[in-house]
A.B. asks: 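The structure under discussion is supplied below as structure tokens; questions concerning it will follow.
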Amino acid sequence: MKKLKFIKDEGSLFYKELNEQIEHYFTRNGIKKTGNSKMFFKIFFYFGLDVLFYSLMITSHSVFTFYLFYLLMGLCVLLTAFNISHDAAHGVAVKSKFWNGVLFSLSFNLQGNNAYIWGKNHNESHHLYTNIEGSDIDVLNNPLFRMTESQPLEWYHRYQFIYAPILYLFYSLNWFFFREALMLFNFSSRTIKVKIPKSEVVKLILYKSLYIGYMIVLPIYVLHFDWSIVLLAFMLNHFLISLLFVGVLGVAHLSDYVVHPIPNANNSLSISWPKLQLLTSIDYHPESKFLNFVLGGFNAHAVHHLLPNVCHVHYLNIMPIFKALVQKHQLTYMEMSYGESLASHFRFLKMMGKNEHLIVTQYER
């Protein structure tokens, strides 16, 4: 991973004042930046739904109820990741470092994906160097998609905005079966290399085996359904969570409004880190109580990137502070409806499939 240097600009002063006012807000109200009673409720609520729907699934008496509870369980596991895994990875779900680690490991590893790989690279790569190829692990180098100017433009890329939704269906399956497994052989579609400690290799294999066990093997053994019925449920579950995952997160950084900065020969950028976060994040309905509860604050992506040390349950209260300071320092903050953000995502795909260079659309409030 290339480590980059940032400059100081108007975003630097904004960020300094933002942190000061956020500190004042929490001190004045006598509260912590970590999760509160609302977060504790969400932890028990989402984990409870996971257990409930798995129990109903594994005791189903018909194929219809089996599919219903299987898919509801898969949906709730994804929402658990949005609301608990993510904040726990940043150490802010609860006050205790130990319990944050337990919550993150439990909720992430039991999905069959390695918590260490995602957590380390999410915090040390994506949050530091958002949308910068070679430094942000979430910038893909997949031949089927063209996401950056440096990637070669092939004839079939002109159709990527059409076939993208089909390939998006396989996002979760690819993550489970190939993405991490190929990293063991030093091969990845990511634009940076990832080294995995031996202990994590053992965990990776163990948890993927457990996941296959309780998601495929155990239902076949207990329910005596034909294996094809269970396998189809497994596939449909991953199709569902893939579309939801990409639909929630893909629009945040892959848009014709956001920038994809290119460092100079000295690995420096002509932008400050706070300004980078504002210019690479799309927010949709950031003040929605419903989306904050369901998506764990992922719809308020700019605030999260700037303040990863604050639990998402506080976003609704600190959003006015954030917006006022953005306006005061005359910075660009991109907020829109979900429909607009989704349309922008597909315009981005279409543009990158036709043009050699990315033409960023000017955002207007």
Side-chain angles (χ1 to χ4, degrees), residues 41-86 88 93 102-115 117-118 163-181 203-250 290-291 293-296 298 338 342:
F41 170 77
K42 295 183 77 171
I43 290 171
F44 287 104
F45 178 72
Y46 282 112
F47 274 121
L49 288 179
D50 296 340
V51 174
L52 172 65
F53 286 124
Y54 186 85
S55 301
L56 292 172
M57 177 273 289
I58 206 68
T59 56
S60 297
H61 297 293
S62 70
V63 173
F64 173 77
T65 55
F66 170 71
Y67 277 111
L68 175 64
F69 294 133
Y70 200 107
L71 295 179
L72 284 173
M73 175 195 62
L75 171 62
C76 290
V77 167
L78 178 63
L79 297 184
T80 302
F82 284 163
N83 286 275
I84 301 169
S85 304
H86 187 226
V102 170
L103 288 170
F104 177 49
S105 179
L106 181 65
S107 57
F108 212 89
N109 285 328
L110 287 180
Q111 298 176 58
N113 299 319
N114 187 269
I117 295 174
W118 186 86
Y163 61 70
I166 299 172
L167 294 182
Y168 286 166
L169 288 170
F170 297 91
Y171 183 87
S172 181
L173 285 169
N174 175 66
W175 190 344
F176 177 75
F177 284 109
F178 302 109
R179 176 170 151 182
E180 295 171 337
K203 289 182 184 179
L204 187 152
I205 297 171
L206 174 63
Y207 281 109
K208 287 190 185 299
S209 300
L210 284 173
Y211 184 78
I212 291 291
Y214 70 76
M215 291 294 283
I216 298 179
V217 178
L218 191 59
I220 292 175
Y221 178 78
V222 172
L223 299 175
H224 303 294
F225 289 143
D226 186 80
W227 65 268
S228 60
I229 292 176
V230 177
L231 192 60
L232 179 58
F234 181 82
M235 297 288 288
L236 290 174
N237 170 62
H238 277 277
F239 289 164
L240 173 64
I241 62 177
S242 292
L243 283 181
L244 290 173
F245 189 90
V246 176
V248 169
L249 297 178
F290 173 75
L291 290 181
F293 185 85
V294 174
L295 302 183
F298 272 116
Y338 181 75
L342 187 63

A.B. asks: With sequence neighbours left out, what residues match Lys42 under salt bridge (charged side-chain N to carboxylate O under 4.0 Å, His left out)?
C.D. replies: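 Partners of Lys42 under the salt bridge (charged side-chain N to carboxylate O under 4.0 Å, His left out) test: none.
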A.B. asks: Can you confirm whether Ile241 sits close enough to Leu75 that some side-chain heavy atom of one is under 4.5 Å from a side-chain heavy atom of the other?
C.D. replies: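 Side chain of Ile241 against side chain of Leu75, heavy atoms only: no contact under 4.5 Å found.
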A.B. asks: Over all heavy atoms of both residues, which pair between Val248 and Leu295 is shortest? Give the atoms and the distance, please.
C.D. replies: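 Closest approach of Val248 to Leu295: CG2-CD2, 3.8 Å.
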A.B. asks: Within a strict 4.5 Å, meaning less than it, do heavy atoms of the His61 and Leu223 side chains meet?
C.D. replies: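 Side chain of His61 against side chain of Leu223, heavy atoms only: no contact under 4.5 Å found.
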A.B. asks: Counting distance only, does the side-chain N/O of Ser60 pair as donor-acceptor with the main-chain N or O of Met57 below 3.5 Å?
C.D. replies: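 Side chain of Ser60 to backbone of Met57: a pair is present.
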A.B. asks: Excluding sequence neighbours, so at least two apart, what forms side chain to side chain donor-acceptor pair (under 3.5 Å) with Tyr338?
C.D. replies: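 Result, side chain to side chain donor-acceptor pair (under 3.5 Å) vs Tyr338: none returned.
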A.B. asks: Hey, what do you get for CD1 (Ile220) to CH2 (Trp227), rounding to the nearest 0.5 Å?
C.D. replies: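 If I round to the nearest 0.5 Å, the distance is 8.5 Å.
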A.B. asks: A side-chain contact here means heavy atoms from C-beta on lying under 4.5 Å apart; do Met73 and Met215 qualify?
C.D. replies: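 Yes, their side chains come closer than 4.5 Å.
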A.B. asks: Could you pull out the closest heavy-atom pair between Thr59 and Ser55, with the gap in Å?
C.D. replies: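 So the minimum-distance heavy-atom pair works out to OG1-O, 2.7 Å.
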A.B. asks: Can you tell me if Tyr67 uses its side chain to pair, donor with acceptor, with the backbone of Ile229 under 3.5 Å?
C.D. replies: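 Side chain of Tyr67 to backbone of Ile229, a donor-acceptor pair under 3.5 Å: yes, one is there.
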A.B. asks: Distance check, rounded to the nearest 0.5 Å: Leu56 atom CG versus Phe66 atom CZ?
C.D. replies: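 Answer for the CG-CZ pair, Leu56 versus Phe66, is 12.5 Å.
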A.B. asks: Start with the C-alpha gap between Phe293 and Phe45, add the side-chain angles, then the distance that decides, and say whether side-chain contact (heavy atoms from CB on, under 4.5 Å) holds.
C.D. replies: CA-CA 11 Å; Phe293 185 85; Phe45 178 72; 4.0 Å; yes
A.B. asks: Yes or no on side-chain contact (heavy atoms from CB on, under 4.5 Å) for Trp175 and Trp118, after CA distance, side-chain angles and deciding distance?
C.D. replies: CA-CA 11 Å; Trp175 190 344; Trp118 186 86; 3.7 Å; yes
A.B. asks: Are any non-hydrogen side-chain atoms of Leu218 and Tyr54 less than 4.5 angstrom apart?
C.D. replies: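 Side-chain contact under 4.5 Å: yes.
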A.B. asks: What's the spacing between Leu169 CG and Leu243 CG if we round to 0.5 Å?
C.D. replies: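 With rounding to 0.5 Å, CG (Leu169) is 4.5 Å from CG (Leu243).
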A.B. asks: What I'd like to find out is whether the side chain of Asn113 reaches to under 4.5 Å of the side chain of Asn109, using heavy atoms alone.
C.D. replies: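 When only atoms from C-beta onward are counted, Asn109 and Asn113 do not touch, as no gap falls below 4.5 Å.
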A.B. asks: For Thr80, check side-chain contact (heavy atoms from CB on, under 4.5 Å) against everything at least two apart and list the hits.
C.D. replies: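 So Thr80 forms a side-chain contact (heavy atoms from CB on, under 4.5 Å) with Tyr46, Phe47, Asp50, Ile84, Ser107.
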A.B. asks: What are the two closest heavy atoms between Tyr70 and Ala233, and how far apart are they?
C.D. replies: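 Scanning both residues, the minimum pair turns out to be CE2-O, 3.6 Å.
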A.B. asks: Whether the side chain of Ser172 engages the backbone of Ser242 through a donor-acceptor N/O pair (distance < 3.5 Å, no angle test) should be reported.
C.D. replies: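 It does not hold such a pair.
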A.B. asks: For the residue pair Tyr171 and Arg179, establish whether any side-chain heavy-atom pair is separated by less than 4.5 Å.
C.D. replies: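 Yes; the side chains approach each other to less than 4.5 Å.
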A.B. asks: Test: salt bridge (charged side-chain N to carboxylate O under 4.0 Å, His left out). Region: residues 57-78. Which pairs qualify, not counting sequence neighbours?
C.D. replies: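 Listed by first then second residue: nothing to list.
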A.B. asks: Identify, with sequence neighbours excluded, every residue that meets side chain to side chain donor-acceptor pair (under 3.5 Å) alongside Tyr163.
C.D. replies: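 Expected list: none.
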A.B. asks: I'd like to know if the side chain of Tyr207 and the backbone of Ala115 have a donor-acceptor N/O pair within less than 3.5 Å.
C.D. replies: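 Flag not set: sc Tyr207 to bb Ala115 has no pair under 3.5 Å.
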A.B. asks: Mind checking side chain to side chain donor-acceptor pair (under 3.5 Å) for Thr65 and listing every partner two or more places apart, or none if nothing turns up?
C.D. replies: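 Partners of Thr65 by the side chain to side chain donor-acceptor pair (under 3.5 Å) criterion, ordered by chain and then number, come out as Ser62.
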A.B. asks: What closest approach, in Å, do Leu236 and Leu71 show between heavy atoms, and which atom pair accounts for it?
C.D. replies: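 Shortest heavy-atom separation between Leu236 and Leu71 comes out as C-CD2, 3.8 Å.
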A.B. asks: So do Leu49 and Phe53 actually touch side chain to side chain, heavy atoms under 4.5 Å?
C.D. replies: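 With C-beta onward as the side chain, the pair touches.
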A.B. asks: side-chain contact (heavy atoms from CB on, under 4.5 Å) for Gln111 and Ser85? Distances and angles first, verdict last.
C.D. replies: CA-CA 11 Å; Gln111 298 176 58; Ser85 304; 4.1 Å; yes
A.B. asks: Answer yes or no: is there a donor N or O on one side and an acceptor on the other, between the side chain of Lys208 and the main chain of Phe176, under 3.5 Å?
C.D. replies: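 Here the side-chain-to-backbone pair exists.
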A.B. asks: When rounded to the nearest 0.5 angstrom, what is the spacing between CG in Leu240 and CG in Leu72?
C.D. replies: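 Leu240 CG to Leu72 CG: 9.0 Å, rounded to 0.5 Å.
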A.B. asks: Determine whether the aromatic ring centres of His238 and Phe234 lie less than 6.0 Å apart.
C.D. replies: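 Between His238 and Phe234, the centre distance is under 6.0 Å.
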A.B. asks: Can you measure from CZ (Phe170) to CZ (Phe177) and round to the nearest 0.5 angstrom?
C.D. replies: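 Reported to 0.5 Å precision, the distance equals 12.0 Å.
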A.B. asks: Taking all non-hydrogen atoms of both residues, which atom of Ala88 and which atom of Leu103 are closest, and how far apart?
C.D. replies: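 Closest approach of Ala88 to Leu103, heavy atoms only: CB-CB, 4.1 Å.
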A.B. asks: Can you tell me if Asn83 uses its side chain to pair, donor with acceptor, with the backbone of Leu79 under 3.5 Å?
C.D. replies: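 Yes, the answer is positive, given that a donor and an acceptor are paired below the 3.5 Å cut-off.
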A.B. asks: What's the separation between atom CD1 in Ile58 and atom CZ in Phe69, rounded to the nearest 0.5 Å?
C.D. replies: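 Here the rounded value is 13.0 Å.
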A.B. asks: Contact between Asn114 and Phe108 at the side-chain level, heavy atoms closer than 4.5 Å - yes or no?
C.D. replies: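 No; the side chains remain at least 4.5 Å from each other.
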